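The sequence lines fix the lettering, A, B, ..., with proteins before strands; numbering per chain opens at 1. Please read these numbers as outputs of a predicted model, since none were measured by experiment.
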Protein chains: 2
Amino acid sequence: MATGRTHRPATRSRGIPEATVARLPLYLRALTALSERSVPTVSSEELAAAAGVNSAKLRKDFSYLGSYGTRGVGYDVEYLVYQISRELGLTQDWPVVIVGIGNLGAALANYGGFASRGFRVAALIDADPAMAGKPVAGIPVQHTDQLETIIHDSGVSIGVIATPAGAAQQVCDRLVAAGVTSILNFAPTVLSVPDGVDVRKVDLSIELQILAFHEQRKNGEERDERADRDERPPRDTGQAVAATVAPAAEAAGPGANAAQGPVAGAVPGASPKGPDGDVPAVMPA
Amino acid sequence: MATGRTHRPATRSRGIPEATVARLPLYLRALTALSERSVPTVSSEELAAAAGVNSAKLRKDFSYLGSYGTRGVGYDVEYLVYQISRELGLTQDWPVVIVGIGNLGAALANYGGFASRGFRVAALIDADPAMAGKPVAGIPVQHTDQLETIIHDSGVSIGVIATPAGAAQQVCDRLVAAGVTSILNFAPTVLSVPDGVDVRKVDLSIELQILAFHEQRKNGEERDERADRDERPPRDTGQAVAATVAPAAEAAGPGANAAQGPVAGAVPGASPKGPDGDVPAVMPA
DNA sequence: CAATCTTTGTGCACGCGTTCACAAAGACAT
DNA sequence: ATGTCTTTGTGAACGCGTGCACAAAGATTG
């Protein structure tokens, strides 16, 4: 799956392994489907198949939540839906703001999967003044100037960043400063955040690259893997190669100017950031 | 990671660990940024910071590719860009089709991160006849009827599914039958595919749910964690609870009837499919 | 050429996650 | 009640991934 994991050292918040937490939404979806079909109970085998995992893994996952099954019968669907929802915190309302209303931001705003799980789009924010007031998914877009006010007034603690890479860190800093403690980042940049803030990343091109790797392995044993295997290249091949790989500039932005702290260095501090400007299409990575 | 990992048993294609493969795109992005700033070399420490990982991990990752560094100096940026690109298979052109041109599909079509890494959008496909011919991102949308022809003529091996959940499995089957061997799935459904086909999943709401879990843990020790901890619920709480958790139907759809191998066999029964509710406005595939 | 300094590459240990396999628990039939 | 059958819950083994720590390698300086 989309990759998206952060570099946080797998906190294992309260006994439940991180890997298990990541699968709970999967189980919940399958269970919800069963619930709608009025299926009263499921065995671990059936549910595991529906969720696409191993049944032993599923049982172990559930064992971290408690003993919510009946031996010889299986799990009560409705009860399990409730327990998992509660464990994930979906029994409460989560106001969310989406920053960067390009194609992707608009798609997210329209995405039905949010509302159906307790996530409510509290506001849409964009830096383009021309967007201000325009309704997207029935919600008027507000200007970035309002960001702090919106966060504060709506009590938002989860922010979604769908801006171009160049603007992401800046937006992130403002969100965090305003009180947001969880961020879902769609911009192709590594965000630095202070401790206590969770970041999850979704990078569409990364997923494709991973697929390409496996794809290459499938058809690709007969390819040109011979000559260029271990040759020391001319030190000045630079431009040519770069042009081949990435003809269009990527401009991940100077934000990634490594060299900050010794290792991690999550510096919420200033970020000159330079030009980001463009918000034309979607994340011109 | 957004997650998005499939249930394939981590094939470790050719010695390179799956976890390492998943990080290579990360390194590549950071390196590309350095390349554009004309930085000749980087140390593992610097690059690791830019990519948001541990430096020891980075060095070990690179060691799987070969000895591409110079002790006392670091790594040649351009050379490393080339090596990683080649390893990922990005030195060749990958035609891609996107099926389901709703908000999300359109966002993907416009996404710049594809073209800049060797991925070329060969075609856009949608089931809505009204969409046919309409240009999105400069590419005319074609009707689903053309799917097989397009795949065949363009030699596409990677497909992106951005349809509603209810249509995903059907589209998937047709893609696979037409020769696609790698699928990036944005629909909230578990796809069943034959061996040899790779599936990676990106589920936006899953990422948010994971964030919600951690968010709950942060502010939430003083919450209502007492009373409803281990109570055996009335067996008929069903509807009420379901309504609370998921007011809008989601209907991940029975499409997930894995039922291929022996272990799978989940509810092979008929699938009236019913209302797929979720993702109404978006993705009218 | 020798000494020193920097940084890579990796052996090793540890912890997490996955999977197997089975005893315990309950349902159900007789 | 007793026995059988199904399915859970989990102890234990295994394998992968991560991070430490250091020797080896090369640059650099005197």
Side-chain angles (χ1 to χ4, degrees), chain A residues 3 5-24 26-27 40-49 51-77 79-80 83 230 232 235 258-259 262-264, chain B residues 1 3 5-13 15-24 26-27 40-49 51-77 79-80 83 230 232 235 263 265-266:
Chain A
T3 320
R5 191 152 305 167
T6 66
H7 54 81
R8 197 158 299 282
T11 334
R12 177 174 289 217
S13 323
R14 193 51 159 283
I16 301 181
E18 192 59 26
T20 295
V21 173
R23 279 188 295 267
L24 289 182
L26 224 57
Y27 303 143
T41 60
V42 269
S43 68
S44 62
E45 202 76 40
E46 291 168 334
L47 184 54
V53 301
N54 183 297
S55 70
K57 191 186 297 183
L58 178 142
R59 286 198 301 275
K60 177 142 292 193
D61 282 344
F62 286 174
S63 77
Y64 291 116
L65 308 182
S67 286
Y68 297 151
T70 305
R71 301 179 187 222
V73 176
Y75 299 92
D76 182 287
V77 172
Y79 183 57
L80 206 46
Q83 287 298 342
D230 269 328
R232 197 77 219 183
R235 184 58 68 100
V263 179
Chain B
M1 173 180 80
T3 36
R5 193 153 302 168
T6 67
H7 54 81
R8 194 158 300 283
T11 334
R12 176 173 294 216
S13 324
I16 301 181
E18 192 58 27
T20 295
V21 173
R23 280 188 294 266
L24 289 182
L26 224 57
Y27 303 143
T41 60
V42 269
S43 68
S44 62
E45 202 75 39
E46 291 168 333
L47 185 55
V53 301
N54 183 297
S55 69
K57 191 186 298 182
L58 178 143
R59 287 198 299 275
K60 179 146 294 192
D61 283 342
F62 286 174
S63 76
Y64 291 115
L65 307 182
S67 286
Y68 297 151
T70 306
R71 302 182 188 221
V73 176
Y75 299 92
D76 183 288
V77 172
Y79 183 58
L80 206 47
Q83 288 298 342
D230 270 326
R232 196 78 220 181
R235 183 60 67 101
V263 181

Validation row: B/S55, B/R59 side chains within 4.5 angstrom (heavy atoms)
yes
Looking only at side-chain atoms of A/A19, point me to the closest of D/dG17, C/dT18, C/dT10.
C/dT18
Using whole Å, what does the distance between atom P of nucleotide D/dG17 and atom NZ of B/K60 come to?
11 Å
Euclidean distance, atom NZ of residue A/K57 to atom P of D/dG15 [Å, nearest integer]:
16 Å
Taking 4.0 Å as the cut-off, does a side-chain nitrogen or oxygen of B/T70 come that near to OP1 or OP2 on D/dG26?
no
When rounded to whole Å, the CG to C1' distance for the pair A/L65 and D/dG9 reads 13 Å
Listed nucleotide nearest any side-chain atom of B/S43, set D/dT18, D/dT7, C/dT8
C/dT8
I want to check one thing: is the phosphate of C/dG11, taken as OP1 and OP2, less than 4.0 Å away from some side-chain N or O of B/R59?
no
Once you round it to whole Å, what is the distance between P of C/dG17 and CG of A/L24?
13 Å
Can you figure out which of D/dG19, C/dA27, C/dC20 approaches the side chain of B/N54 most closely?
D/dG19
Does the side chain of A/V53 reach to within under 4.5 Å of the side chain of A/L47, using non-hydrogen atoms?
no
Map A/F62 and B/T20 onto DNA chain D by nearest heavy atom, then report which one ends up closer to the 5' terminus.
A/F62
Min side-chain heavy-atom separation B/F62-B/Y75 under 4.5 Å:
yes
Measure the distance from CG on A/D76 to P on D/dT8 and round it to the nearest whole Å.
13 Å
Name the residue closer to the 5' end of DNA chain C, choosing between A/A56 and B/V73 according to the nucleotide with the nearest heavy atom.
B/V73
Main-chain N/O of A/V73 paired with A/T70 side-chain donor or acceptor, under 3.5 Å
no
Is any side-chain nitrogen or oxygen of A/Y75 closer than 4.0 Å to OP1 or OP2 of D/dG9?
yes
Interatomic distance, A/E18 CD vs D/dG17 P [rounded to whole Å]
17 Å
Earlier contact from the 5' end, DNA chain C, for A/R23 and A/R71:
A/R23
Does the side chain of A/D61 pick up a donor-acceptor pair with the side chain of A/T20 at under 3.5 Å?
yes
If the cut-off is 4.0 Å, is A/S44 near the phosphate of D/dT7, judged by side-chain N/O to OP1 or OP2?
no
What's the CG-P distance between B/L58 and C/dG9, to the nearest Å?
10 Å
Between C1' of D/dT8 and OH of A/Y68, the distance in whole Å:
15 Å
